[in-house]
Amino acid sequence: MLSLFFNYYKTVYKFLFRLIKKIFHKICILIEVDQHIKYLGTPYGGWYFSETNLSKKPTLLSAGVGEDVSFDIEILNNYSAKVYLVDPTPRSISHIDKIIENLGKQNSVEFDTKSGNQPIEAYDLSSVQRDDFLLIKKALYNQADLKIKFFKPSNEEFVSHSISNYQNQFNKKTDYIEVTTTTVENIINQYEVDHLDILKLDIEGAENQVIPDLLKKKIFPSQILVEFDELATNFIFPYLRALTIFLKLKLHSYELVKTNQFPNFLFVKK
């Protein structure tokens with residue numbers, strides 16, 4: 001009897017999940033607006049963004065660095081930008097340290113289009129200066145100065161850690177490192193940032209806390225590039241939560257401009 005009930009529950013859940021996922025995709029198509037956009041970076045680490053509302057010297061806050069900062073370096077190479085990188089992951093920190101060691105050097109190899117671990121020699125660092133970017137070795141969240149568990153991915157070859165641990169089905173008993181958190185508000189205040197042109201969030205589930213916190217504190221970047229990582233799971237709740245965040249962004253005059261390599265999204269403020 002229990003097995004019959006369990007099988008029935010699984011069947012209903014799968015149906016509801018497919019339905020909600022389909023509705024979510026339809027909503028994205030319906031609300032997406034047409035706007036001139038540009039792509040920079042590799043297929044893995046690159047992003048679409050809008051050039052139309054960039055400052056002359058734009059500021060990029062890029063959270064979730066990993067081992068592919070092709071987008072961030074290309075922003076530096078194409079604009080007189082200031083870039084704040086945010087990531088406490090040891091491998092990410094090591095990757096940025098190697099970039100610093102190679103500043104002033106032109107790229108000598110091509111980017112790896114099938115990997116998220118880019119060779120340092122693939123970056124064109126000939127014009128990048130040390131004070132053009134800063135690495136903040138903390139995890140972006142909705143509260144600052146917390147000591148939290150940063151869960152390791154299930155595949156040791158992957159670099160991205162997660163606060164929610166969606167990669168391990170939200171299990172809170174898997175391996176982790178302990179890191180300190182920061183917020184967008186703290187970074188803005190500490191480094192006296194006048195305005196954020198681009199906020200890039202590739203933070204493995206923490207975007208669900210960071211974006212509502214931004215809006216609550218009336219911090220409005222010109223554009224938000226975000227990957228809703230938890231949509232890669234087979235759970236219904238991440239879709240409902242993402243829809244809620246989409247609505248909040250809409251209420252604060254953000255338009256969905258591009259859905260790329262689902263679940264990557266570009267929101268631009270009107």
Problem set entry | Residue pair Q118, D68: steps toward the side-chain hydrogen bond (donor to acceptor under 3.5 Å, both in side chains) verdict | CA-CA 5 Å; Q118 294 302 330; D68 185 335; 3.2 Å; yes
Problem set entry | Verdict with reasoning, E67 to R91, per salt bridge (Lys or Arg N to Asp or Glu O under 4.0 Å) | CA-CA 7 Å; E67 294 169 317; R91 279 170 54 183; 2.9 Å; yes
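- No single ILVMFWY cluster, assembled from side-chain heavy atoms under 4.5 Å apart, contains both L140 and L85.
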For this session: Under the side-chain hydrogen bond (donor to acceptor under 3.5 Å, both in side chains) rule, what do S164 and E204 come out as? Steps first, then yes or no, please.
Result: CA-CA 8 Å; S164 71; E204 311 303 315; over 6 Å; no
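- When the shell of 6.0 Å around CG of D34 is examined, it contains 12 or fewer heavy atoms from other residues, nucleotides or ligands.
- Note that the CD1 atom of I198 and the CG atom of L61 stand 11.0 Å from one another [nearest 0.5 Å].
- Within 6.0 Å of the CZ atom in F235, the count of heavy atoms belonging to other residues, nucleotides or ligands exceeds 12.
- Residues L199 and L266 are members of separate hydrophobic clusters, defined by side-chain heavy-atom contacts under 4.5 angstrom among Ile, Leu, Val, Met, Phe, Trp and Tyr.
- Residues N142 and T183 form no side-chain contact, since every pair of their non-hydrogen atoms from C-beta on lies 4.5 Å or further apart.
- Clustering ILVMFWY residues whenever any of their side-chain heavy atoms sit less than 4.5 angstrom apart, transitively, puts V69 in a cluster other than the one holding I203.
- The side-chain hydrogen bond (donor to acceptor under 3.5 Å, both in side chains) analysis of residues 207-227, with sequence neighbours excluded, yields the pairs N53-Q223, E185-K217, H195-S222, N208-E230, D213-K217.
- Under a hydrophobic-cluster definition in which Ile, Leu, Val, Met, Phe, Trp and Tyr are linked whenever side-chain heavy atoms come within less than 4.5 Å, directly or via other members, V268 and F49 are assigned to the same cluster.
- Atom OG1 of T233 and atom OH of Y239 lie 7.0 Å apart (nearest 0.5 Å).
- In K172, the NZ atom is crowded: over 12 heavy atoms of neighbouring residues, nucleotides or ligands sit closer than 6.0 Å.
- Residue I187 is not grouped with residue L60 when hydrophobic side chains (ILVMFWY) are merged at heavy-atom distances under 4.5 angstrom, including chains of intermediate members.
- A side-chain donor-acceptor contact under 3.5 Å links D124 and S126.
- Two residues are said to be in side-chain contact when any heavy atoms from C-beta on lie closer than 4.5 Å; K137 and L135 meet this criterion.
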Problem set entry | side-chain hydrogen bond (donor to acceptor under 3.5 Å, both in side chains) evaluation trace for K138 with T181 | CA-CA 5 Å; K138 295 182 179 181; T181 63; over 6 Å; no
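- A centroid separation of less than 6.0 Å is found between the aromatic rings of F262 and H25.
- Here the side chains of Y191 and I136 are in contact, with some heavy-atom distance below 4.5 Å.
- Relative orientation of the F220 and H252 rings is tilted, given thresholds of 30° and 60° on the angle between their planes.
- Aromatic pair Y39/F71: ring centres not closer than 6.0 Å.
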For this session: Give the C-alpha distance, both sets of side-chain angles, the deciding distance and a yes or no for salt bridge (Lys or Arg N to Asp or Glu O under 4.0 Å) between E51 and K38.
Result: CA-CA 7 Å; E51 285 187 302; K38 185 175 181 178; 3.7 Å; yes
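- Between K258 and E32, none of the side-chain N atoms (NZ, or NE/NH1/NH2) sits under 4.0 Å from a carboxylate O, so this pair counts as no salt bridge.
- Ring-plane geometry between F246 and F24 is classed as tilted, the angle between the planes lying from 30 to 60 degrees on a 0 to 90 degree scale.
- The OH atom of Y48 lies 14.0 Å from the CD atom of Q35; values are rounded to the nearest 0.5 Å.
- Distance check: I148 CD1 to I163 CD1 gives 3.5 Å after rounding to the nearest 0.5 Å.
- The neighbour count for D194 CG, taken as heavy atoms of other residues, nucleotides or ligands under 6.0 Å away, does not exceed 12.
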For this session: Verify side-chain hydrogen bond (donor to acceptor under 3.5 Å, both in side chains) between N168 and N171, making sure each step is shown before the conclusion.
Result: CA-CA 6 Å; N168 293 292; N171 186 344; over 6 Å; no
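- The aromatic rings of Y166 and F170 are tilted relative to each other, their planes meeting at an angle between 30° and 60°.
- Summarising the geometry, atom CD1 belonging to I100 is positioned 10.5 Å from atom CG belonging to L125; distances are rounded to the nearest 0.5 Å.
- Between T42 and S70, the shortest heavy-atom distance links the atoms N-OG, 3.0 Å.
- No close placement of the F133 and Y84 rings is indicated, their centers lying 6.0 Å or farther apart.
- Other residues, nucleotides and ligands contribute at most 12 non-hydrogen atoms within 6.0 Å of the OH atom of Y44.
- When the shell of 6.0 Å around NZ of K269 is examined, it contains more than 12 heavy atoms from other residues, nucleotides or ligands.
- The distance from the CG atom of N264 to the NZ atom of K200 is 10.0 Å, given to the nearest 0.5 Å.
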